[in-house]
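Beneath this line is the structure, given in structure tokens, with notes to follow.
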Amino acid sequence: MSIPADLDSETDEASETRPPLVVAVDGPSGAGKSSTSRGAAQALGLRYLDTGAMYRALTWWLLHRGVNVRDSAAVAALAAEPDIEIGTDPGAPWVRVNGTDVTAEIRRQEVTGAVSAVASVPQVRALLIAQQRDIIAGAGGIVAEGRDIGTVVAPDAPVKVFLTADSAERASRRAAQTSQSTASTQADQDRRDRLDSGQSAKADDAVEIDSTALDLAEVVDIIVRLACETRRQAGLPQPRQQST
Ligand code: DC
């Protein structure tokens, strides 16, 4: 990605006094939030938080314990029990539950099929949102992705993006990463979109990016420019950018 020379001019003094940059990236599953959030975090020299991975980690632990995830009272009662830790390096994200690395396991179909039920339990959200706010507050600048970052988790984030893509395109991107057909991926995706709709919202001040006809680098570039422009308008130093 090419970076305008005037956007990379921060002094050490400025970096000590600038308020940390928070970029909120929300949108439905399969819109490309993870790749673009990681890419933008790397380009801007920020940390990265995948909040969906935290809901997945709790779901993994509940399934592992044999808990019926449709029993919201049982889920609520147990939600605080596991210790969920998450890494914020955009180059190598990881998630641990009680010290066990579950980074790969949380992407399995059993977890994907069960996580919406867990994420809809209010006690679960209260716990994980508090943890997410602590991580964001301590990060010194971060790109956080999820469904409610711009509206609930970090409503004061100066940069908010709502990333979409049309349903068929999202399904075909997802199907290309799995052994499932596009048709069955789209049916699963539509079901999850419905289940997640109560927890998902576009902030009024979010910039909507439709990634249907864009590639990864183009979407990352839009987010980086948005972050630079927002800080320029606020009279703040530019983020320290990394070459990509
Ligand atoms: O983005 P993902 O597919 O990894 O998200 C997993 C689940 O968690 C999905 O059902 C939506 C839910 N989620 C949520 O409710 N709030 C968030 N901030 C992030 C994800």
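Excluded from the calculations below are hydrogen atoms, water molecules and symmetry mates; all remaining heavy atoms, backbone and side chain alike, are included.
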Q. Which of these passes side-chain contact (heavy atoms from CB on, under 4.5 Å) with L216: V219, V220, L214?
A. V220
Q. Do M54 and V118 share a hydrophobic cluster, counting only Ile, Leu, Val, Met, Phe, Trp and Tyr and linking them when any side-chain heavy atoms are less than 4.5 Å apart?
A. yes
Q: Under the salt bridge (charged side-chain N to carboxylate O under 4.0 Å, His left out) rule, collect the residues that match up with D50, sequence neighbours excluded.
A: R107
Q: Check whether the side chains of Q189 and S29 place a donor and an acceptor atom closer than 3.5 Å, and report yes or no.
A: no
Q: Not counting sequence neighbours, list each pair that qualifies as a salt bridge (charged side-chain N to carboxylate O under 4.0 Å, His left out) and has a residue in residues 153-172.
A: K160-D205, E169-R173, R170-D193
Q: For L236 and P19, work out which heavy atoms get closest and say how close.
A: CD2-CD, 3.6 Å
Q: For residues 60-79, pull every pair meeting salt bridge (charged side-chain N to carboxylate O under 4.0 Å, His left out), keeping only residues two or more places apart or in separate chains.
A: R65-E81
Q | Hydrophobic cluster identity match, Y55 and L127, side-chain contacts under 4.5 Å | A | no
**Q.** Under the side-chain hydrogen bond (donor to acceptor under 3.5 Å, both in side chains) test, residues paired with Q109 that sit two or more places apart
**A.** none
Q) Got a sec, which residues hit salt bridge (charged side-chain N to carboxylate O under 4.0 Å, His left out) with R56, two or more places apart in sequence or on another chain? A) none
Q) How long is the span from the CG atom in L63 to the CD atom in E105, to the nearest 0.5 Å? A) 12.0 Å
Q) What pairs meet the side-chain hydrogen bond (donor to acceptor under 3.5 Å, both in side chains) rule with one or both residues in residues 195-204, with sequence neighbours excluded? A) S116-D196
(Q) Assess the residue pair V207 and I222 against the criterion (side-chain contact (heavy atoms from CB on, under 4.5 Å)); give the C-alpha distance rounded to whole Å, side-chain angles, the decisive distance to 0.1 Å, and a yes or no. (A) CA-CA 10 Å; V207 173; I222 294 170; 5.8 Å; no
Q: Output yes when a side-chain donor or acceptor of S211 lies under 3.5 Å from a complementary backbone atom of T164, and no otherwise.
A: yes
Q | E218 side-chain N/O to D215 backbone N/O, donor-acceptor pair under 3.5 Å | A | yes
Q. Rounded to the nearest 0.5 Å, how far apart are CD of Q42 and OG of S37?
A. 11.5 Å
Atom pairs and distances, side-chain donor-acceptor, residues 135-149, under 3.5 Å, sequence neighbours left out:
| residue | atom | partner | partner atom | Å |
| --- | --- | --- | --- | --- |
| E145 | OE2 | S34 | OG | 2.7 |
| E145 | OE2 | Y48 | OH | 2.6 |
| D148 | OD2 | R125 | NH2 | 2.8 |

**Q.** Under 3.5 Å donor-acceptor, K33 side chain and V25 backbone
**A.** no
Q) Taking only residues two or more places apart in sequence or in another chain, which ones pass salt bridge (charged side-chain N to carboxylate O under 4.0 Å, His left out) with R108? A) E110
Q.
Between V75 and V124, is the side-chain contact (heavy atoms from CB on, under 4.5 Å) condition met? List the steps.
A. CA-CA 8 Å; V75 170; V124 166; 3.7 Å; yes
Q) Any salt bridge between R225 and D221, counting N to O under 4.0 Å? A) yes
Q) If you look at every heavy atom in P158 and V22, which pair is closest and at what distance? A) CD-O, 3.3 Å
Q) Which atoms form the tightest heavy-atom contact between I106 and W60, and what is the distance? A) CG2-CB, 4.1 Å
Let me have the donor-acceptor pairs involving side chains of residues 84-95, under 3.5 Å, with sequence neighbours excluded, atom names and distances please.
| residue | atom | partner | partner atom | Å |
| --- | --- | --- | --- | --- |
| T88 | OG1 | R47 | NE | 3.1 |
| T88 | OG1 | R47 | NH2 | 3.4 |
| D89 | OD1 | G91 | N | 2.7 |

Q.
My understanding is that only residues two or more places apart in sequence, or in another chain, count here; which of them pass side-chain hydrogen bond (donor to acceptor under 3.5 Å, both in side chains) with T100?
A. none
Q.
Please find the pair of heavy atoms, one from T59 and one from A114, that lie closest to each other, and give the distance.
A. CG2-CB, 3.7 Å
Q: List for me each residue that meets side-chain hydrogen bond (donor to acceptor under 3.5 Å, both in side chains) alongside D210, sequence neighbours excluded, and say none if there are none.
A: T212
Q.
Which residues pass the side-chain hydrogen bond (donor to acceptor under 3.5 Å, both in side chains) test with Q180, not counting sequence neighbours?
A. S184, D188
